[in-house]
J.: 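Here you go, one structure.
Lettering of chains follows the sequences in order, A, B, ..., and the numbering in each one begins at 1. Here the structure is a predicted model, which means the values were calculated and not measured.
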Number of protein chains: 2
Amino acid sequence: MKELEDILKTSKTLPLSRKTIINVFLSNTYFKDEMLSVLKPFDLSVEQFNVLRILRGQNEKPLNLQDIQDRMVNKMSNTTRLIDKLLLKGFVERNTCAKNRRKIEIFITQDGLKTLSVLDPIIDDIEQQMTSNLSQTELEQLNNLLTKLKA
Amino acid sequence: MKELEDILKTSKTLPLSRKTIINVFLSNTYFKDEMLSVLKPFDLSVEQFNVLRILRGQNEKPLNLQDIQDRMVNKMSNTTRLIDKLLLKGFVERNTCAKNRRKIEIFITQDGLKTLSVLDPIIDDIEQQMTSNLSQTELEQLNNLLTKLKA
DNA sequence: ATATTACATTTGTATATACAATTGTTGTAT
DNA sequence: ATACAACAATTGTATATACAAATGTAATAT
């Protein structure tokens, strides 16, 4: 993993705020790349995977697009198109809501559930690995700092 | 800013590693959105802005595409196309390298430099603002933890 | 009852990114 | 000198995201 100093070769000392922001960008890339390399063989992007997990969390109850969008970690401008791709792969189903035909209900399929259950231990593993350089105490500190940061 | 609990309504307690990863994703989005809203009026994306700063750091000396890519915070699969857009806006110039015609040298223009000099204090400001919930000590802690995380 | 407004999703356009294939140039091996 | 490998950038295809406009449905106001 590249360090700040390696990347910003020509720079003087950066203000702490900028260093922090850059470090968050780098950490984000680090996590996303690792996740993607695990999900790739399952033909899923990180975002698609997260939506599938959201749908599973509903225990077979459907969610409409806005509900999904609200629960997404990376706010998605285009849930429609993301769902389109999950549909093509057979991981979700889509129905117009009977009570309010403006809304679209989305379900996870058996195939989607099966894929998630295969992925669960793999993802747990990579998440552990990616954070293994920090102790539990340090992880808690990091969490608290990040939460406070954007409070 | 949304909290983890608000987003993941249906979830049980998450493992600390997952919480940390999600928190980094959220922080990344937070920073990027704020930066973008500042850069938007200047017709620049966050990534384009960063490349311009890299080029300025060279003090008028040119960089080829690979050098730029190495210095970029968000590794860019397509520096070519990013530079294309900076070119259209007149912020950079592009020449084939005489010594090695495979390489393309890229310079920042006066217009690019002028735009950066206008942006400098604005960016400093927003960076301060975005991190103002943390003390200097906390920012240092956060930096150290993030560095250690991906060491 | 019709017009207007608000709601929910879709579509279009643009940028950033991932990855593979292609093009053109240079260096090397024989 | 020619063939082949390595290098540097470009192009093509796909996904995610930002934002605006368009479509279709429901609620309301008169």
J.: Looking only at side-chain atoms of A:Ser77, point me to the closest of D:dA26, C:dT9, D:dT17.
T.: D:dT17
J.: Could you check which of C:dC19, D:dT17, D:dA9 has an atom nearest any side-chain atom of A:Lys40?
T.: C:dC19
J.: What is the separation between atom CG on A:Asp84 and atom P on C:dG12, rounded to the nearest whole Å?
T.: 12 Å
J.: Start at the 5' end of DNA chain D and walk down; is the nucleotide closest to A:Leu82 or to A:Ala98 reached first?
T.: A:Leu82
J.: Using heavy-atom distances to pick each residue's nearest nucleotide on DNA chain C, tell me which of A:Thr79 and B:Leu44 is more 5'.
T.: A:Thr79
J.: Under 4.0 Å between a side-chain nitrogen and a carboxylate oxygen: does that hold for A:Glu105 and A:Lys99?
T.: no
J.: Can you figure out which of C:dT10, C:dA8, C:dA18 approaches the side chain of A:Thr80 most closely?
T.: C:dT10
J.: Which listed nucleotide (D:dT25, C:dT26, C:dT10) is nearest to the side chain of B:Asn100?
T.: C:dT26
J.: Write down the distance between CG (A:Asn74) and P (D:dT17), rounded to a whole number of angstrom.
T.: 5 Å
J.: How many whole angstroms separate atom CZ of A:Arg101 from atom C1' of C:dA6?
T.: 17 Å
J.: If you assign A:Arg102 and A:Lys85 each to the DNA chain D nucleotide with the nearest heavy atom, which residue ends up on the more 5' nucleotide?
T.: A:Lys85
J.: Do B:Glu138 and A:Lys148 meet the salt-bridge criterion of a basic N to acidic O distance under 4.0 Å?
T.: yes
J.: Given atom CG of A:Leu65 and atom P of C:dC7, what is their separation to the nearest angstrom?
T.: 17 Å
J.: Check every atom of D:dA18, D:dA26, C:dT15 against the side chain of B:Leu36 and return the nucleotide holding the closest atom.
T.: D:dA18
J.: Considering only C:dC19, C:dT26, C:dA8, which nucleotide approaches the side chain of B:Asn78 most closely?
T.: C:dC19
J.: Could you tell me the separation between the CD atom of A:Gln66 and the P atom of C:dA6, rounded to a whole number of Å?
T.: 15 Å
J.: Grab the OH-P distance between B:Tyr30 and D:dA18 for me, whole Å please.
T.: 16 Å
J.: Within a 6.0 Å radius of atom CD on B:Glu93, are there more than 12 heavy atoms belonging to other residues, nucleotides or ligands?
T.: no
J.: Is the base of C:dT13 touched by the side chain of A:Arg81 through a donor-acceptor pair closer than 3.5 angstrom?
T.: yes
J.: Out of D:dC7, D:dA9, C:dT15, which nucleotide sits closest to the side chain of B:Gln48?
T.: C:dT15
J.: Taking B:Lys85 first and then B:Asp43, would you say they form a salt bridge - that is, a charged N and a carboxylate O separated by under 4.0 Å?
T.: no
J.: With nearest nucleotide decided by heavy atoms, which residue, A:Lys103 or B:Lys32, maps closer to the 5′ end of DNA chain C?
T.: A:Lys103
J.: Ignoring hydrogens and geometry, is there a side-chain-to-backbone donor-acceptor pair from B:Asn144 to B:Glu140 under 3.5 Å?
T.: yes
J.: Check the distance between D:dT17's P and A:Ile83's CD1 and give it to me in whole angstrom.
T.: 13 Å
J.: Using atom CG of A:Asp43 as one end and atom P of C:dA18 as the other, report the distance to the nearest whole Å.
T.: 17 Å
